[in-house]
Amino acid sequence: MRLILASNSPRRRELLGGLDIPYEVHVIKGIDESYPASLPAVDVAGYIAKKKAMPYKRWFEDIRNVPEGVMVGSDTIVVTADTVVVVDDVILGKPSSREDAANMLRTLSGKTHQVYTGVCLLSPADERGFSVRTDVTFRNLSEEEITYYIDKYQPFDKAGAYGIQEWIGYIGVTKLEGSYFNVMGLPVQRINDELKMMAHLLQ
């Protein structure tokens with residue numbers, strides 16, 4: 001099984017590496033990650049993960065579409081993923097500014113929100129898509145804590161303006177229902193199970 005992670009996220013690289021399965025990283029740039037405004041928030045992560053996978057289908061359809069240096073065969077599986085934070089049925093994306101990040105953290109303060117990570121596993125013979133949910137509860141965050149976290153950790157590349165593995169998760173998260181790693185950006189337990197099934201089919 002040749003595994004390709006289609007993500008530049010250092011957290012996803014770390015998490016996938018934790019499965020002790022060799023993999024390579026190859027990312028097609030410029031993929032449109034938009035979604036229909038009418039799409040329910042719970043379905044957005046899965047929709048985008050599948051959308052990210054579609055350009056890689058061309059690799060399997062014609063070897064001439066494969067970039068130089070990338071090996072693709074019948075045993076290749078491409079992994080794409082997307083994570084969204086949802087609070088009160090509203091999606092919190094990546095903050096566009098410091099004030100945007102502060103407003104997101106104020107919104108999450110004292111509430112339970114949902115983190116959905118959608119995953120698509122694509123091979124020449126199979127395609128598996130799924131979404132995993134984790135419920136995360138924050139205690140009330142003070143303005144001083146919000147300011148400190150943003151100033152020190154600069155969470156502008158993170159959905160919902162926070163990383164649970166960082167200081168804000170240490171001091172702010174009071175309850176977690178579901179996969180911790182899913183909140184970091186990749187539901188590795190589910191991925192491991194799905195890859196086992198796909199590998200069995202390849203035999």
Side-chain angles (χ1 to χ4, degrees), residues 1-29 31 33 35 39-60 66-67 70-86 91-94 113-136 157-160 162-166 169 173 176-203:
M1 183 172 65
R2 183 184 299 274
L3 201 61
I4 294 177
L5 176 63
S7 173
N8 284 318
S9 166
R11 291 171 295 281
R12 291 195 177 118
R13 295 185 186 191
E14 175 188 354
L15 290 169
L16 191 60
L19 293 178
D20 288 343
I21 301 173
Y23 72 93
E24 304 169 18
V25 176
H26 296 289
V27 180
I28 296 176
K29 297 180 180 180
I31 295 176
E33 298 183 21
Y35 56 89
L39 192 68
V42 299
D43 297 329
V44 168
Y47 177 90
I48 296 176
K50 184 175 182 178
K51 197 172 184 180
K52 287 179 177 180
M54 291 306 98
Y56 293 89
K57 277 191 171 183
R58 293 195 294 270
W59 290 8
F60 300 139
V66 180
V70 180
M71 299 292 292
V72 171
S74 60
D75 61 346
T76 300
I77 299 175
V78 177
V79 182
T80 60
D82 191 77
T83 301
V84 299
V85 172
V86 179
I91 293 176
L92 301 184
K94 297 176 182 178
H113 65 273
Q114 293 71 48
V115 178
Y116 296 91
T117 296
V119 177
C120 187
L121 303 177
L122 181 69
S123 76
D126 199 3
E127 179 185 321
R128 294 171 183 253
F130 55 88
S131 184
V132 175
R133 166 180 167 167
T134 303
D135 291 347
V136 182
D157 64 336
K158 298 176 176 66
Y162 81 93
I164 195 171
Q165 72 277 14
E166 296 176 339
V173 174
L176 189 78
E177 294 185 67
S179 167
Y180 171 83
F181 299 112
N182 187 58
V183 184
M184 285 183 65
L186 211 57
V188 285
Q189 300 95 337
R190 177 70 181 274
I191 288 175
N192 186 63
D193 291 342
E194 296 286 346
L195 288 175
K196 282 182 179 179
M197 289 188 281
M198 294 180 78
H200 178 72
L201 293 174
L202 288 172
Q203 294 175 357

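For the single chain, residues carry numbers from 1 onward in sequence order. Being a predicted model, the structure only gives us computed values, none of them experimental.
Residues Trp59 and Leu122 form no side-chain contact, since every pair of their non-hydrogen atoms from C-beta on lies 4.5 Å or further apart. Within the 4.5 Å cutoff, the side chain of Met71 has no heavy atoms near those of the Val66 side chain. The side-chain heavy atoms of Val132 and Phe181, taken from C-beta on, include no pair separated by under 4.5 Å. No side-chain heavy atom of Thr80 sits less than 4.5 Å from a side-chain heavy atom of Ile31. The side-chain heavy atoms of Ile28 and Tyr56, taken from C-beta on, include a pair separated by under 4.5 Å. In this structure the side chain of Leu176 reaches within 4.5 angstrom of the side chain of Thr134, judged on heavy atoms. The shortest side-chain heavy-atom distance between Val70 and Ile4 falls under the 4.5 Å cut-off.
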>> What verdict does the side-chain contact (heavy atoms from CB on, under 4.5 Å) test give for Val136 and Tyr162, after you've listed the backbone C-alpha separation in whole Å, the side-chain angles of each residue and the deciding distance to 0.1 Å?
In response: CA-CA 12 Å; Val136 182; Tyr162 81 93; 4.0 Å; yes

>> Set out, in order, the CA-CA distance, both residues' side-chain angles and the distance that settles side-chain contact (heavy atoms from CB on, under 4.5 Å) for Leu3 and Leu195, then state yes or no.
In response: CA-CA 9 Å; Leu3 201 61; Leu195 288 175; 3.8 Å; yes

>> Assess the residue pair Ile77 and Asp126 against the criterion (side-chain contact (heavy atoms from CB on, under 4.5 Å)); give the C-alpha distance rounded to whole Å, side-chain angles, the decisive distance to 0.1 Å, and a yes or no.
In response: CA-CA 9 Å; Ile77 299 175; Asp126 199 3; over 6 Å; no

>> Apply side-chain contact (heavy atoms from CB on, under 4.5 Å) to residues Thr76 and Phe60 and explain how you reach the verdict.
In response: CA-CA 9 Å; Thr76 300; Phe60 300 139; 4.0 Å; yes

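Distance check, rounded to the nearest 0.5 Å: NE2 of His113 to CD1 of Ile91 gives 13.0 Å. Interatomic distance, Arg133 CZ to Gln114 CD, rounded to the nearest 0.5 Å: 4.5 Å. Atoms CG and OG, from Asn182 and Ser131 in turn, are 7.5 Å apart once rounded to the nearest 0.5 Å. Within the model, atoms CZ of Phe130 and CZ of Arg190 stand 5.0 Å from one another, a figure rounded to the nearest 0.5 Å. We find the OG1-NZ distance between Thr83 and Lys158 to be 12.0 Å, quoted to the nearest 0.5 Å. Here Asp75 contributes atom CG and Met1 contributes atom CE; the two are 9.0 Å apart, rounded to the nearest 0.5 Å.
Closest non-hydrogen pair, Leu15 versus Met184, comes out as CD1-CB, 3.8 Å. For the pair Val84 and Ala41, the tightest heavy-atom approach, listed with the atom from each and the gap, is CG2-O, 4.4 Å. For Ala53 against Cys120, the heavy-atom pair with the smallest separation is CB-SG, 3.7 Å. For Ala49 against Gly118, the heavy-atom pair with the smallest separation is CB-O, 3.3 Å. Closest heavy-atom contact between Val119 and Val79: CG1-CG1, 4.3 Å.
Arg128 and Asp193 are not joined by a salt bridge, as no carboxylate oxygen comes within less than 4.0 angstrom of a charged side-chain nitrogen.
Counting only residues at least two apart or on different chains, the side-chain hydrogen bond (donor to acceptor under 3.5 Å, both in side chains) pairs with a member in residues 18-29 are Arg2-Glu24, Glu24-His26. Each salt bridge (charged side-chain N to carboxylate O under 4.0 Å, His left out) pair with one or both residues in residues 40-55, not counting sequence neighbours, appears once here: Asp32-Lys51, Lys50-Glu127, Lys52-Asp82.
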